[in-house]
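Notes for the one structure printed next.
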Amino acid sequence: MGGNMEYQTIDVRKSTPAIGAEIIGVDLSKPLANQQFQEVHDALIDRLVIFFREQKLDVDQHKALGRRFGKLHVHPAAPSVLPEHPEILVVRADERSEHIAGEDWHSDVSCDPEPPMGSILHLTEVPPDGGGDTLFANMYLAYETLSEPMRKLLDGLTAIHDGEHIYRGRYGVDDAGKTFPRSEHPVIRTHPVTGRKCLFVNRFFTTRIVGLQKGESDAILEMLYRHIETPELCMRFKWQPNSVAFWDNRCVQHHAVWDYYPNRRYGHRVTICGDRPY
Ligand SMILES: O=C(O)CCC(=O)C(=O)O
């Protein structure tokens, strides 16, 4: 990661040394030819989150793009706003919003037994007076910048990720009797493509480190959540209409900044299925 990879079909401009790159030379509305697909995938693996500008994508093109990378995930709680397209998650905020998607640091749907591998977000409307940036943080670096005794302690531990306190009542639909995913995952997971270790607990979903006393678990999780926010691990992406962000959910956390209320922001996300963390 962070090496200078050779690309033939795309131009890759790093956002910061730690994370992110803007990809030039791709039209995401068209099927990606094999080499270009491979290079976009390599750039994602190398930079953790990649960005594209000026992409016109309808919902079918957006889904086709996601499917090139894997099976599409259907959100376990968010009602499908576009009934014909349950794989499209609508990300929107306006003057009636009480919540927005991702308003604190998280890895998408980490409460699922097999959390998504990645998400592709396309915004068509951005707030007129600025704001609405998304922050992304590198979870390999989060792991590597912990002290060795702390890494040793965390290496063997697992944690509970729970959807209940996040999703119950959130979407204004009757969810009586509905259950939400809850899973136990390693605190430090191994990325299945790179083989590198990354920190996999987040403020949204992770409620408890298994085997520790509650006070110990709370203190260590809070320390880790603060560590994740270290500015040197993070970047900030400024959206324009028709920007696309594609993040690797296994090694990235993100936070959508809601600093533009009551203005509108709108887009669609497709989410790609992933594997059970190990
Ligand atoms: O709106 C954004 O920038 C990101 C929303 C979010 O956190 C998500 O889609 O998971």
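Nothing fancy with the numbering, it's 1 onward along the sequence. Note that ligands are numbered from 1 as they come in the structure, with each ligand's atoms numbered from 1 the same way.
Remark: Trp239 pairs with Thr134 by the side-chain hydrogen bond (donor to acceptor under 3.5 Å, both in side chains) rule, at least two apart or across chains.
The aromatic rings of His75 and Tyr167 sit perpendicular, their planes meeting at an angle over 60°, well past the 30° parallel limit.
Between Met139 and Val252, the closest side-chain pair of non-hydrogen atoms is not below 4.5 Å.
Closest approach of Ala93 and Ile100 over heavy atoms only: CB-CG2, 3.4 Å.
Although no hydrogens or angles enter the test, the distance criterion places no donor-acceptor pair under 3.5 Å between the side chain of Arg269 and the main chain of His122.
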At less than 3.5 Å, what protein N or O atoms come close to the N or O atoms of ligand 1? Include the distances to 0.1 Å.
unit_1   : atom_1 : unit_2 : atom_2 : d
ligand 1 : 1 (O)  : Arg265 : NH1    : 2.7
ligand 1 : 1 (O)  : Arg265 : NH2    : 3.3
ligand 1 : 3 (O)  : Thr134 : OG1    : 2.5
ligand 1 : 3 (O)  : Arg265 : NH2    : 2.7
ligand 1 : 7 (O)  : His106 : NE2    : 3.2
ligand 1 : 7 (O)  : His254 : NE2    : 3.1
ligand 1 : 9 (O)  : Arg269 : NH1    : 2.9
ligand 1 : 10 (O) : His106 : NE2    : 3.2
ligand 1 : 10 (O) : Asp108 : OD1    : 2.7
ligand 1 : 10 (O) : His254 : NE2    : 2.9
ligand 1 : 10 (O) : Arg269 : NH1    : 2.8

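At a threshold of 4.5 Å between side-chain heavy atoms, the hydrophobic network of Ile, Leu, Val, Met, Phe, Trp and Tyr places Tyr260 and Leu135 in two separate groups.
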